[in-house]
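Remember, it's 1-based here, ligands and their atoms both numbered in the order they're listed.
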Amino acid sequence: VKPIHVIGGGLAGSEATWQIAQAGVPVILHEMRPVRPTDAHKTEGLAELVCSNSFRSDDAEQNAVGLLHAEMRKCNSLIMQMGDKHAVPAGGALAVDRDAFSDSVTKALHDHPLVTIERGEVAGLPPEDWDSVIIATGPLTSPALADAIKNLGGENELAFFDAIAPIVYKDSINMDAAWFQSRYDKEGPAGTGKDYINCAMNKDQYYAFIDALLTSEKTEFKEWEANTPYFEGCMPIEVMASRGPETLRFGPMKPVGLTNPHTNERPYAVVQLRQDNALGTLYNMVGFQTKMKYAEQTRVLKMIPGLEDAVFARLGGLHRNTFINSPKLLDGQLRMKAMPRLRFAGQITGCEGYVESASVGIMAGRFAAAERLGQSLIAPPQTTAMGAILSHITGGANAETFQPMNVNFGLFPPAEETDGRGRPVRGGDKKRALTSRALRDLDQWLAQQQRQAA
Ligand code: FAD
């Protein structure tokens with residue numbers, strides 16, 4: 001059997017390599033470190049954790065990333081196996097001894113008879129005789145490969161920085177204060193004239209908000225992230241505010257073309273939120289990319305009328321981060337539509353985080369191995385955490401505003417369960433309904449694969 005090539009031995013590439021080898025298919029893993037370093041990695045180990053040593057919550061009943069852990073364990077994940085083996089005390093979270101973790105992943109792959117590890121950069125499009133390739137080169141993909149991907153996918157479809165505006169769960173927005181309306185009631189190709197959720201401010205509220213923005217604590221850029229041309233194109237709101245108190249009112253908070261139906265007044269300033277996923281459960285705050293510290297974001301953004309009780313699916317940020325416009329470029333099996341021999345996995349697909357990246361590695365590895373063995377493998381259902389991530393990055397997310405995203409319950413179809421009065425369950429009951437459905441559906445997906453293999 002011809003080998004599959006995996007480029008990048010991080011969280012996603014290590015997991016994909018393991019899944020392919022466990023399926024009985026030979027695999028060559030190309031990792032450029034230590035021949036060529038990145039700005040963040042410090043070792044030559046595979047699956048190096050570049051910053052925090054936490055895989056976040058391990059609660060599979062009430063937390064979406066905890067659910068993802070549970071699903072990955074069911075998929076025989078190498079990352080979870082070694083994470084569990086090298087866990088350190090961290091309350092309800094799974095945190096790991098980073099060196100022991102990375103060493104054990106490296107050893108497991110090194111010792112696997114079907115795995116070959118080659119150290120060296122793949123500095124351009126993979127050679128044509130590599131007929132099945134998984135690109136898992138992460139947020140710090142080497143420039144030569146990034147340029148090749150950009151040329152293939154199109155100038156605007158590969159980003160080198162994320163510019164993340166916060167995302168809010170729609171059901172946490174107070175619609176007694178906010179309202180649906182597009183500016184001038186405009187109807188676009190898919191528009192209804194009521195596409196945005198608007199939150200109005202009067203003059204006092206606006207100036208108090210600007211004050212809070214300016215005095216909030218911000219995170220600093222890393223040395224190697226600073227001085228990029230990125231800033232002018234996609235400026236954080238607090239930087240805009242620092243250029244003058246009216247700047248935001250002439251930018252993302254301009255109040256034109258909108259009337260607040262609750263008061264019949266023209267607002268002084270408006271924050272707009274736009275639907276972010278096909279399910280309509282998530283709304284992003286338009287133009288609100290920010291480097292405020294997370295705790296400060298929740299404090300300051302809750303000053304916006306209508307968002308007092310907002311629950312955030314994602315907070316804002318700006319980082320160096322290489323990722324492709326997956327909803328546009330990839331098919332449902334993570335293959336590049338323009339060149340199907342190339343699959344993508346990990347953070348370069350626009351998922352965010354160690355665990356999410358590894359989970360996309362599981363899926364890419366299984367898809368590639370099944371294809372090599374002449375089997376067809378359907379994608380995990382969207383009701384599972386893995387399927388929810390996959391659906392989001394390969395179609396559910398809005399390609400125009402696509403930015404990296406952690407797993408969260410907003411990516412799942414709503415739960416069917418209702419309370420005693422026939423209303424959809426909420427809070428902890430809703431999460432329990434979603435997680436138990438996910439684990440049941442994942443079991444079915446795995447059982448299907450076992451039947452196929454037999
Ligand atoms: P990586 O783990 O980065 O692996 C990619 C691998 O590809 C690397 O080993 C790299 O050397 C290799 N590579 C790149 N280009 C080539 C090439 N051309 N040829 C061969 N090999 C190549 N996530 C969290 O969950 N928690 C955090 O605290 C956190 N902090 C972060 C801090 C920083 C500074 C950065 C940049 C990212 C951080 N992330 C964090 C995101 C984190 O990087 C990802 O979650 C995760 O590492 C992504 O996994 P991956 O496999 O996609 O990429």
Is there any protein N/O under 3.5 Å from an N/O of ligand 1, and what does the full list of such pairs look like?
| from | atom 1 | to | atom 2 | distance (Å) |
| --- | --- | --- | --- | --- |
| ligand 1 | 2 (O) | Leu11 | N | 3.4 |
| ligand 1 | 9 (O) | Glu31 | OE1 | 2.7 |
| ligand 1 | 9 (O) | Glu31 | OE2 | 3.3 |
| ligand 1 | 9 (O) | Arg33 | NE | 3.2 |
| ligand 1 | 9 (O) | Arg33 | NH2 | 2.8 |
| ligand 1 | 11 (O) | Glu31 | OE2 | 2.7 |
| ligand 1 | 11 (O) | Arg33 | NE | 3.2 |
| ligand 1 | 15 (N) | Ser142 | N | 3.2 |
| ligand 1 | 18 (N) | Val122 | O | 3.0 |
| ligand 1 | 18 (N) | Ser142 | OG | 2.9 |
| ligand 1 | 19 (N) | Val122 | N | 3.1 |
| ligand 1 | 21 (N) | Met32 | N | 3.2 |
| ligand 1 | 25 (O) | Tyr354 | N | 2.9 |
| ligand 1 | 28 (O) | Ser52 | N | 3.2 |
| ligand 1 | 45 (O) | Gln347 | OE1 | 2.9 |
| ligand 1 | 45 (O) | Gly353 | N | 3.4 |
| ligand 1 | 45 (O) | Gly353 | O | 3.1 |
| ligand 1 | 45 (O) | Tyr354 | N | 3.0 |
| ligand 1 | 51 (O) | Leu11 | N | 3.0 |
| ligand 1 | 51 (O) | Ala12 | N | 2.8 |
| ligand 1 | 52 (O) | Gln347 | N | 2.8 |

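For the pair Met336/Arg343, no side-chain contact is recorded, criterion being any heavy-atom separation below 4.5 Å from C-beta on. Here the side chains of Trp130 and Ile28 are not in contact, with every heavy-atom distance at 4.5 Å or above.
Of the possible polar contacts, one joining the Glu31 side chain to the Arg33 backbone as a donor-acceptor pair under 3.5 Å is found.
Using modelled atom types and a 3.5 Å distance limit, the side chains of Gln19 and Glu15 yield a donor-acceptor pair. Thr215 and Asp211 are not linked by any side-chain donor-acceptor pair at a separation below 3.5 angstrom, with hydrogens and angles left out of the test.
For the pair Glu238 and Lys218, the salt-bridge criterion is not met [side-chain N within less than 4.0 Å of a carboxylate O].
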